[in-house]
Each structure stands twice: as structure tokens, then as C-alpha cells.
Amino acid sequence: MKVYINGKFYEKKQAKISVFDHGLLYGDGIFEGIRSYNRLVFKLKEHIERLFESAQSIVLTIPLNKQQMIEAVIKTLKINKIDNGYVRLIVTRGEGDLGLNPYKCEGNASVIIITDKIALYPDKLYKSGLKLITVPTIRNHPEALNPQVKSLNYLNNILAKIEAINAGFQEAIMLDALGYIAECSGDNIFLVKDNQLYTPPQCMGTLRGITRDIVLEIVRDLKIPAHEHVLTRHELYIADEVFLTGTAAELVPVVSVDGRTIGKGKPGKMLSMLRQEFRKRTRIEGIRY
Ligand code: PXG
């Protein structure tokens with residue numbers, strides 16, 4: 001496996017960055033998780049766009065422009081001969097001293113691209129569905145660290161994940177600072193009620209997921225009503241269907257929330273239809289290599 005670091009390729013064992021990099025010292029940096037399907041980097045432009053928005057928000061200058069970044073991702077996939085894979089794109093603040101001040105980081109931000117064959121989730125997950133629990137740790141307040149910034153500082157989500165696992169569940173539902181549903185530790189959340197789709201808005205604490213956007217696009221095309229609306233746990237409990245969306249896991253059914261069985265307790269019809277539509281789009285949308 002060859003890893004891209006600042007324009008050069010290194011074997012996995014040699015792919016290293018400084019212990020003084022503020023990405024390590026402070027989680028000062030940003031990232032994207034991207035997928036390629038059959039030599040098509042799915043929604044690559046959208047991921048690069050979001051990366052640059054995260055950078056703008058944290059005053060980080062990316063040493064490549066958007067086109068160069070796209071080319072770097074494609075080059076890394078090609079060198080590694082990966083047709084179907086996962087791309088982890090990371091931009092750190094770079095090497096600095098042992099103080100917070102990012103302006104003391106010398107030189108450029110570091111750009112790292114790791115690609116790997118995709119570790120597909122077990123089929124069982126999509127057949128039996130997930131059981132979720134709401135955890136005490138809330139999503140970052142948007143005026144603390146806005147969840148729209150896909151930052152290297154993921155402790156907020158990691159704490160939520162720990163709480164879910166310790167309670168015997170696979171995934172956590174995180175609330176926002178007002179007590180409304182935000183998202184899960186690495187996925188957005190949707191519910192279906194009376195053939196309409198609902199998902200929390202961005203304003204209080206959810207990442208604008210690329211997969212979330214695709215689902216909203218699909219339902220718009222199919223003229224299924226969809227709402228970006230504040231949701232409480234109650235709305236999840238009484239939903240006909242609940243599912244999660246994310247680049248890695250795609251669309252995943254949820255069959256129980258906080259011990260309440262959702263709908264019939266098995267993956268629903270809307271999700272199955274959406275997954276088919278999603279699959280179609282993974283074959284046509286993105287950048288070919
Ligand atoms: N919410 C959060 C908090 C995320 O981190 C999503 C939603 C889904 O967004 P996309 O754009 O992927 O539809 C994410 C992104 C992993 C992993 O290993 C996943 C994410 C982040 C870090 C690791 O599964 N998901």
C-alpha cells in the first residue's frame with residue numbers, strides 16, 4: 001500500500017508525519033471519507049467542496065487547489081490499483097511547536113491520502129438492522145466546534161461511541177445542545193412516518209452528510225415528501241422506519257431505539273427502495289479513473 005503525503009508516495013511503514021504536527025498534538029486538521037465504486041470516485045467534487053469549507057471555517061490554507069486535490073486522490077487510487085475502495089483524505093495544520101498557536105506552524109499544512117480496499121459491513125447488519133441507544137454526551141454546540149467542520153477532533157463522537165458500546169449497543173444517538181436529535185457518532189439519521197421522510201436540520205449540530213444529501217435528492221426526484229425538521233426521541237420511537245446514512249456504511253436499517261421496537265422491528269420498504277436507488281447512483285455519479 002502506498003500513502004500520499006505532500007505530493008510523494010510512501011510505503012505504509014514509511015508513511016509518517018512529525019510528532020510536532022498539530023493534527024496529532026491538538027486534533028487541528030480536517031478530513032474526508034470517500035468511496036470509489038468500480039473506478040468511479042463517488043461524489044468526489046462534493047467531498048472536496050466540503051473539505052475546503054471545513055478548511056475555510058478553521059482558517060486552514062490547503063496547499064493544493066480543488067482540481068489538484070481531485071487529481072491527487074485519483075493518482076493515489078490508481079497507484080494502489082484500487083477499483084472499489086475507501087479514501088481517507090486528511091489535511092493537518094502541519095508541524096509547529098508545543099503551543100496552540102497555529103500561526104507558528106512552519107510551512108504548509110500536510111496533505112495525506114490513504115486508500116484501502118473497502119471492508120464491507122456484514123450482510124447481517126443490513127438484514128437484521130441496528131439497535132441504537134441515546135447517549136449522555138451531546139453533539140458539539142455549533143458555537144463551540146461546529147459539527148459541519150469535519151475536523152480531526154472527533155473525541156465528541158468517540159465518547160458517544162464508547163457510551164453506546166459500554167451499554168451493549170452498536171451505535172449512539174447524539175442529541176444537540178437543545179435536546180433534539182442530532183445524529184449518530186459517524187452517520188446521519190432519518191425517520192419515515194406515513195410515507196414521508198424526516199431528518200434533523202444542520203443548524204444545531206449535524207454534519208451535512210454527502211449520503212444524507214443523496215437520500216434527499218432521491219426522494220425529491222421521486223416526489224416523496226421530505227422534511228429537514230427538529231426531531232425529538234419521541235418521533236423516533238413512533239416512526240414507521242428509522243435508518244442511518246454515511247459514506248462507509250451507506251444506508252443502514254435501525255430496528256430499535258432506546259428499547260423501543262421501530263415499526264415492525266425489521267428493515268422497512270422505504271429503505272429498501274432507497275438503497276436500490278442509491279446503488280444506481282453509485283454507478284453513474286462521480287469522477288472516473
Ligand atoms: N455524521 C458524522 C458525525 C460523520 O462523521 C456522517 C455523519 C456521514 O457523512 P457522509 O458524508 O459520509 O455521508 C459522518 C461521516 C467511519 C467513519 O469509519 C465515518 C465517518 C467519519 C469518520 C469515520 O465509518 N462518517
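As the structure lists them, so they are numbered: ligands from 1, and atoms in each ligand from 1.
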- Item | Rounded distance [0.5 Å steps], OG1 in Thr282 versus CD1 in Ile214 | 9.0 Å
- Item | Non-neighbouring partners of Asn101 that pass side-chain contact (heavy atoms from CB on, under 4.5 Å), sequence neighbours left out | Tyr103, Lys104
- Query: Who are the salt bridge (Lys or Arg N to Asp or Glu O under 4.0 Å) partners of Asp21, not counting sequence neighbours?
  - Reply: none
- Query: Rounded to the nearest 0.5 Å, how far does OG1 of Thr199 lie from CZ of Phe190?
  - Reply: 4.0 Å
- Residues that Ser57 engages under side-chain contact (heavy atoms from CB on, under 4.5 Å), provided they are two or more places apart: Val149
- Residue shell for ligand 1, any heavy atom closer than 4.0 Å, reads Phe31, Arg50, Arg88, Tyr121, Arg139, Lys150, Tyr154, Asn157, Glu183, Ser185, Gly186, Asp187, Asn188, Leu207, Gly209, Ile210, Thr211, Thr245, Gly246, Thr247, Ala248
- Looking at Lys117, Arg35, Arg39, which hits salt bridge (Lys or Arg N to Asp or Glu O under 4.0 Å) with Asp83? Arg39
